[in-house]
Every structure is written in C-alpha cells, then in structure tokens.
Amino acid sequence: MPSYQAPLRDMQFVLHELLDVQADYAAIADYQDMDVDTLNAILEEANKFAAEVVAPTNLIGDSQGCMLDRNSHAVTTPDGFKAAYEQYCAGGWPALSADPAYGGQGLPHLVNQCLYEMLNSANQAWTMYPGLTHGAYSALRAHGSDALKDTYLPKLTSGEWTGTMCLTEPHCGTDLGLLRTKAEPQADGSHRLSGQKIFISAGEHDLVPNIVHLVLARLPDAPPGTKGISLFVVPKFLVNADGSLGARNGIFCSGLEEKMGIHGNATCQMTLEDATGYMVGEPNKGLNAMFVMMNGARLGVGMQSLGLTEVAYQNALAYAKDRVQMRSLTGTKAPEKAADPIIVHPDVRKMLLTAKAYAEGGRALAMYTAQLLDREHAHPDAAVRAESAELLALLTPIVKAFLTDNAWLATSHCLQVFGGHGFIKEWGMEQFVRDARINMIYEGTNTIQALDLLGRKVLGNQGESLKKFAAQVTELVMAEQDTPEMAEFVQPLVWLGQKLQEQTMGLGMRAMRDADVVGAAAVDYLRLVGHLVMGYFWARMAKLAQQRIAAGSSEAFYVAKVQTARFYFAKLFPETAGLLRTMQADHAVLMDTDAALGV
C-alpha cells in the first residue's frame with residue numbers, strides 16, 4: 001500500500017524563500033496577518049488530514065468505485081469517502097480561502113493550493129468532490145445575483161452542499177457551441193431546462209444532501225454557437241425561502257461512466273427533465289461566466305498532476321532504496337546484502353530524478369500562479385492586478401498541459417522503478433499512472449491548451465504577454481551572467497529565449513498565410529514555453545540554494561536542490577532542441593497525408 005507525507009520542507013522553501021509570500025502579501029490588506037508561523041502551522045495540519053484521513057481511502061476508492069441505483073438514481077461512494085468528507089468539513093477546510101462574508105476564513109488562494117496539492121497526492125478522485133465545489137463557488141461569487149449568492153454561497157463555503165460544472169453533451173466534446181440543452185423562461189423568472197450532459201464529475205453522490213449544478217443551456221431565441229449560451233444554477237433539491245430543502249428537482253444521474261482511472265469519483269451522465277434553473281449573469285453570456293470555473297479547474301488539474309507526481313516519486317524512491325537487485329557497475333555498494341539496492345543504478349536514478357525535478361519545478365510554477373491569482377483579486381494597485389491577470393492567463397494553459405504531460409511521464413517512470421511489482425495493484429503505482437492519464441484530457445485537452453497558448457495568448461496579442469514573462473527571465477539572466485556557478489542554469493535560458501523569439505515571429509508570419517501552421521506547431525510550442533518557465537524557476541531555486549550554502553548552511557536540502565537543478569538542465573531541458581526541430585517542420589507532413597490516412 002502506498003504511503004504519503006506532504007513535502008513540507010519544499011513547500012516552505014517555495015513559499016518563504018522563492019516567493020517570499022509574507023512580504024508580498026504585506027501589501028494586500030486582506031492577507032497582512034498571514035505570517036510564516038501561521039502558514040506553516042496550517043500546512044502541518046493539512047498534511048495530517050491528507051496523510052491520515054484521505055490517503056487511506058485511495059486504494060479502496062479505486063477498487064470499489066461508485067455504485068448507481070438505477071431506480072432511485074442515487075450514487076454511493078466508496079467506503080470511507082463520506083466519513084473523510086465529514087472530517088474535512090468539521091475541520092473547516094472547505095472555507096479556507098472563501099469570502100468571510102459567506103462564512104469563509106479569507107486566507108489567500110495560495111494556501112488553498114497547497115492544501116489541494118496534498119489532497120491530490122492522497123486521493124485525486126476524492127479531492128474532486130470538494131475541488132469542483134470551490135469552482136462553483138468562484139463562478140457564483142463572480143457572476144451570481146445577490147439572491148443566488150445568499151442562497152448558495154454559505155452552504156458551498158461550509159461544504160454542506162457541493163457543486164458541479166455541467167458543460168458538454170454526447171455530441172459536443174470541447175465544442176460547446178454545439179450544445180442543445182434548452183432553457184425555457186418561466187413567469188416567475190426561473191427557467192425550465194431539458195437536455196443531456198455527460199462526463200459530469202461528482203454529478204451525483206451521497207456525501208451531502210444537496211448538489212448545486214452549474215449548467216450551460218440555450219434560451220429559445222439564442223443565437224447559434226458559443227454566443228448563444230447561458231449559465232444556470234440547477235440544484236438537486238430546490239431551496240425554500242427559509243433555506244431548507246424543498247422538492248426534488250428534475251436533474252438526475254442516468255448513468256455512470258466505467259473509466260480507466262479516478263474510479264472513486266462519480267463521472268455521471270446527467271439528464272435534465274424540466275429542471276428548474278436560475279440564470280447566472282446575463283443571457284447568452286454564460287460561457288464568459290463559466291470561464292471563471294473553467295480556468296480555475298484548469299489550474300486545479302495541474303495541481304492534480306503535481307500531487308500524483310509527488311506521491312509516485314515518494315513511493316518509488318522508498319522502494320529503490322529498499323529493493324536489492326544485481327550489483328553496481330562500479331563495484332559492490334552493499335557487501336552485507338545479497339545484491340545492491342537498485343538506487344545505485346544510473347537509469348533508476350534518472351527515472352527518480354525526472355519525477356523529483358518535475359514535482360519541485362511544478363510546485364514552484366503552481367504556487368507562483370496562485371500568488372498571481374491573489375494579486376489579481378486583492379492587490380490595491382490596479383496596475384498590479386491587471387499585470388497579474390495577464391500573466392495568469394498566459395500561464396494557465398502551461399500549468400494545465402505541461403504539468404499533466406510531465407505527470408504522465410513521471411508516474412510511468414516511477415512505476416518502472418518497481419519493475420514487475422509496479423504492474424501489480426497492491427503497490428498502488430499502476431493506479432497513479434491510470435489516474436494521471438485523465439488529466440491530459442479533461443478541462444480542455446492539452447492540444448486545446450496549446451492552441452489557446454499559441455493562438456490566443458501569444459499570437460493573439462503579438463506576444464506582449466510572453467514578453468512580460470520573458471522580462472523576468474532576462475532580469476535573472478542579466479543579474480547572473482557573470483556568476484560562474486550560475487552559468488549552467490542561465491545559459492540554457494538565454495539560448496531558448498532567443499530561439500523562442502525567432503520561432504514565434506516566424507510562426508506568426510506563416511500563420512497569416514495558413515492557419516494550420518498554428519495547429520501543427522502548438523503542442524511543441526507549449527512544451528518549449530513550459531521549459532522556459534520551469535527552467536526560470538529552477539535557475540532561481542538553484543541560485544537561492546547556492547547562496548544558502550555559501551552563507552554556511554549545512555542543510556542537505558540545499559545541496560539536493562542544486563543537484564536536482566543540474567539534472568533538470570542536463571537531462572530534461574535539452575528536450576527543447578528536438579521540439580524546435582519538429583516545430584519547424586513543414587506542416588504539409590501532417591496535412592498532405594490523405595493517402596496515408598485513407599481520407
């Protein structure tokens with residue numbers, strides 16, 4: 001059975017040394033009381049909850065899955081899920097970063113992100129229940145009427161009710177402009193919704209008495225495509241004027257998907273039959289309102305993969321230190337044993353270090369984006385809010401796609417460390433691989449994220465947003481260009497920065513003649529930018545660690561940080577050379593292939 005303990009030392013390093021969040025939040029009135037000791041204490045308690053309460057449910061949830069009673073449409077979650085959720089609510093965890101006006105604790109989003117990394121390491125499928133609730137809360141808080149906020153936000157904040165996002169339909173996939181669910185206006189201002197939704201995570205379950213669905217649908221006179229989509233609150237049970245639950249609404253689970261992974265989460269087919277709903281925001285502008293939840297979910301999916309990368313690494317590392325097999329190529333390392341621990345073998349170390357580098361680099365990136373989110377929403381300076389929002393928009397597809405791609409690689413490597421045992425269920429490694437695979441698909445496939453990055457976030461504004469992040473890279477490079485011990489970290493960034501600038505300009509010119517150029521290059525382009533971003537954070541972390549060592553620190557943590565940075569730049573960052581080569585290939589090798597594909 002796999003084990004887990006939160007990487008508290010690394011989290012503290014990123015929060016207090018890399019991002020210096022206490023100094024940053026000193027400028028934000030709502031967060032001025034967030035000192036180092038308070039933040040560390042919260043993380044320590046979060047670790048206890050994740051490791052002791054949630055993690056033991058992971059294998060059980062994968063084995064049992066969810067069960068649907070087709071007569072009552074009720075879904076039962078695996079053993080232990082409800083009890084863990086009750087402890088989650090009793091501990092006040094749902095309210096961590098929610099608005100105090102609705103019963104929240106008002107802490108930074110960054111604190112919530114740390115919690116969710118731990119929960120995802122412990123059990124991604126379980127964590128999706130409260131995670132989707134947080135997204136529904138955010139969308140309603142941003143776009144709901146005062147009446148809707150007063151009705152639903154206190155219950156979502158406390159965790160007494162949970163939330164979902166009901167977007168796609170059997171014929172749609174990502175193309176939401178094709179959706180057909182109808183919303184008929186009623187005399188009392190409500191709407192009657194009818195239609196079919198699929199792939200609805202946490203759409204029905206037994207953890208709470210009421211589920212608040214956010215549903216995309218069309219009004220009778222709606223224009224076609226995405227310009228004719230409205231957003232509605234459709235509760236499982238209607239809510240009476242006094243806040244008590246009323247009649248059962250016409251939305252129910254009509255089927256559960258049999259999935260490759262995340263078995264403990266109920267992925268539902270939801271049917272709406274004259275369900276009562278209440279509009280969120282303005283008519284035909286529902287997709288804009290839903291994007292609050294969708295963008296939050298994309299950052300959340302990155303955290304899911306970060307959590308899986310970390311827990312897979314921890315268990316593979318422990319196994320590699322204990323498992324003996326063969327002798328080291330350079331001579332016996334454990335003469336008292338029949339063979340040496342497999343961690344002495346170079347390729348085992350490569351697999352472990354790949355996971356470690358992607359976990360620690362991903363953690364720095366994910367926490368930075370959470371810091372940007374806090375600045376965007378709460379900083380007193382409008383210019384800081386605007387720039388933070390712009391950088392967050394640029395980095396969101398990278399967090400979603402780059403971190404999930406990396407988790408697929410890392411969890412697979414960690415399974416490989418176990419050899420044949422990795423393929424056996426009881427060790428838990430094959431579950432991490434299966435669970436990680438969905439993260440590259442949902443909340444917009446990674447190709448969709450790549451198209452968003454290159455087409456909208458870079459070419460769409462002539463690279464202005466990318467230039468703002470690149471300015472941070474340039475500042476670091478200029479400060480360290482004459483520091484010999486930093487050369488191995490900053491010189492690759494200089495090279496990639498120059499290549500990206502050249503290729504971005506070239507892609508823009510070619511795309512004006514043929515838009516398929518963007519589609520052909522986008523996935524490679526996102527990984528290139530992903531390595532620029534992660535490389536930037538690894539260079540900064542290496543600099544900090546070297547400074548601590550030079551100042552006399554003997555903590556092994558800093559030595560390990562420098563060694564991992566060297567591995568990343570020597571073994572993982574060079575992927576960029578191949579990506580540049582494939583990105584420059586004529587897109588005709590993809591599109592002029594009718595004969596090859598039998599089209």
Side-chain angles (χ1 to χ4, degrees), residues 361 365 368 387 390-403 405-406 446-483 486-540 542 565 568-592:
L365 170 56
Y368 174 70
E387 182 170 295
E390 184 178 359
L391 285 173
L392 182 61
L394 174 75
L395 295 175
T396 294
I398 298 170
V399 169
K400 196 281 180 184
F402 191 63
L403 297 195
D405 280 349
N406 293 345
N446 285 2
T447 298
I448 295 293
Q449 305 304 318
L451 289 168
D452 177 48
L453 175 68
L454 179 55
R456 293 180 63 241
K457 306 294 175 58
V458 176
L459 298 181
N461 72 351
Q462 290 75 51
E464 289 303 314
S465 299
L466 184 59
K467 289 176 185 175
K468 289 181 179 179
F469 185 84
Q472 297 184 38
V473 181
T474 300
E475 181 180 2
L476 174 68
V477 168
M478 295 301 292
E480 303 301 328
Q481 61 182 346
D482 296 324
T483 308
M486 284 295 293
E488 63 185 305
F489 309 123
V490 298
Q491 288 179 0
L493 295 177
V494 173
W495 173 82
L496 182 56
Q498 293 173 342
K499 293 295 183 182
L500 260 177
Q501 183 178 14
E502 296 168 3
Q503 292 305 313
T504 302
M505 293 178 61
L507 284 170
M509 296 297 292
R510 290 162 56 199
M512 287 191 289
R513 297 190 297 272
D514 189 340
D516 275 338
V517 167
V518 175
V523 171
D524 291 344
Y525 188 88
L526 186 143
R527 282 203 67 79
L528 282 167
V529 179
H531 275 297
L532 179 71
V533 173
M534 186 169 283
Y536 164 73
F537 284 111
W538 264 117
R540 285 184 58 189
Y568 169 76
F569 278 104
K571 287 291 190 179
L572 301 180
F573 193 90
E575 177 192 5
T576 54
L579 291 168
L580 282 165
R581 180 78 177 267
T582 58
M583 195 175 72
Q584 294 174 57
D586 190 330
H587 70 289
V589 301
L590 294 174
M591 305 311 296
D592 188 14

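Below, all heavy atoms of this structure are taken into account, side chains as well, without hydrogens, waters or symmetry copies.
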If I take atom [atom1] from residue [X] and atom [atom2] from residue [Y], how far apart are they, to the nearest 0.5 angstrom?
X	Y	atom1	atom2	result
K499	E502	NZ	CD	5.0 Å
T576	M583	OG1	CE	10.5 Å
E464	K467	CD	NZ	4.5 Å
Q449	L451	CD	CG	9.5 Å
D405	L526	CG	CG	7.5 Å
Q503	Y525	CD	OH	9.5 Å

Can you check whether A393's main-chain N or O pairs, donor with acceptor, with K457's side chain at less than 3.5 Å?
->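 At least one qualifying donor-acceptor pair exists.
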Side chain Q584, main chain L580, donor-acceptor under 3.5 Å = yes
Between Y368 and V533, does a side chain to side chain contact (heavy atoms under 4.5 Å, CB included) hold up when you go through it step by step?
-> CA-CA 11 Å; Y368 174 70; V533 173; over 6 Å; no
Nearest heavy atoms of [X] and [Y], plus distance in Å:
X	Y	result
L507	A521	CD2-CB, 3.7 Å
L454	A522	CD2-CA, 3.9 Å
F569	A539	CE1-N, 4.1 Å
Q481	M478	CG-O, 3.5 Å
G508	L459	CA-CD2, 3.8 Å

So do the side chains of [X] and [Y] get within less than 4.5 Å of each other, counting heavy atoms only?
X	Y	answer
F573	L496	yes
L391	Q472	yes
R540	L476	yes

Enumerate the residue pairs fulfilling side-chain hydrogen bond (donor to acceptor under 3.5 Å, both in side chains) with a member in residues 506-515, sequence neighbours excluded, ordered by first and then second residue.
->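 Pairs touching residues 506-515 that pass the test: D514-H587.
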Return yes if a side-chain donor-acceptor contact under 3.5 Å exists between R527 and N406, otherwise no.
-> yes
H531 and Y536: side chain donor to acceptor below 3.5 Å |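 Short answer, no.
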Starting from the C-alpha separation in whole Å, work towards a yes-or-no answer on side chain to side chain contact (heavy atoms under 4.5 Å, CB included) for D452 and T396.
-> CA-CA 10 Å; D452 177 48; T396 294; over 6 Å; no
Kindly determine whether L394 and L453 satisfy side chain to side chain contact (heavy atoms under 4.5 Å, CB included), including the steps that lead there.
-> CA-CA 7 Å; L394 174 75; L453 175 68; 3.8 Å; yes
Count the heavy atoms belonging to other residues, nucleotides or ligands that lie under 6.0 Å from CD of Q501, then report whether that count exceeds 12.
-> no
Using the six-membered ring wherever Trp is involved, compare the ring planes of F537 and F469 and label them parallel, tilted or perpendicular (cut-offs 30° and 60°).
->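 Ring orientation of F537 relative to F469: tilted.
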Of all residues at least two apart in sequence or in a different chain, which pass the side-chain hydrogen bond (donor to acceptor under 3.5 Å, both in side chains) check with T474?
-> none
Show the numbers, then the answer: is there a side chain to side chain contact (heavy atoms under 4.5 Å, CB included) between K400 and N446?
-> CA-CA 7 Å; K400 196 281 180 184; N446 285 2; 2.9 Å; yes
Can you spot which of L403, V529, I398 makes a side-chain contact (heavy atoms from CB on, under 4.5 Å) with M534?
->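 The side-chain contact (heavy atoms from CB on, under 4.5 Å) with M534 is passed solely by L403 among L403, V529, I398.
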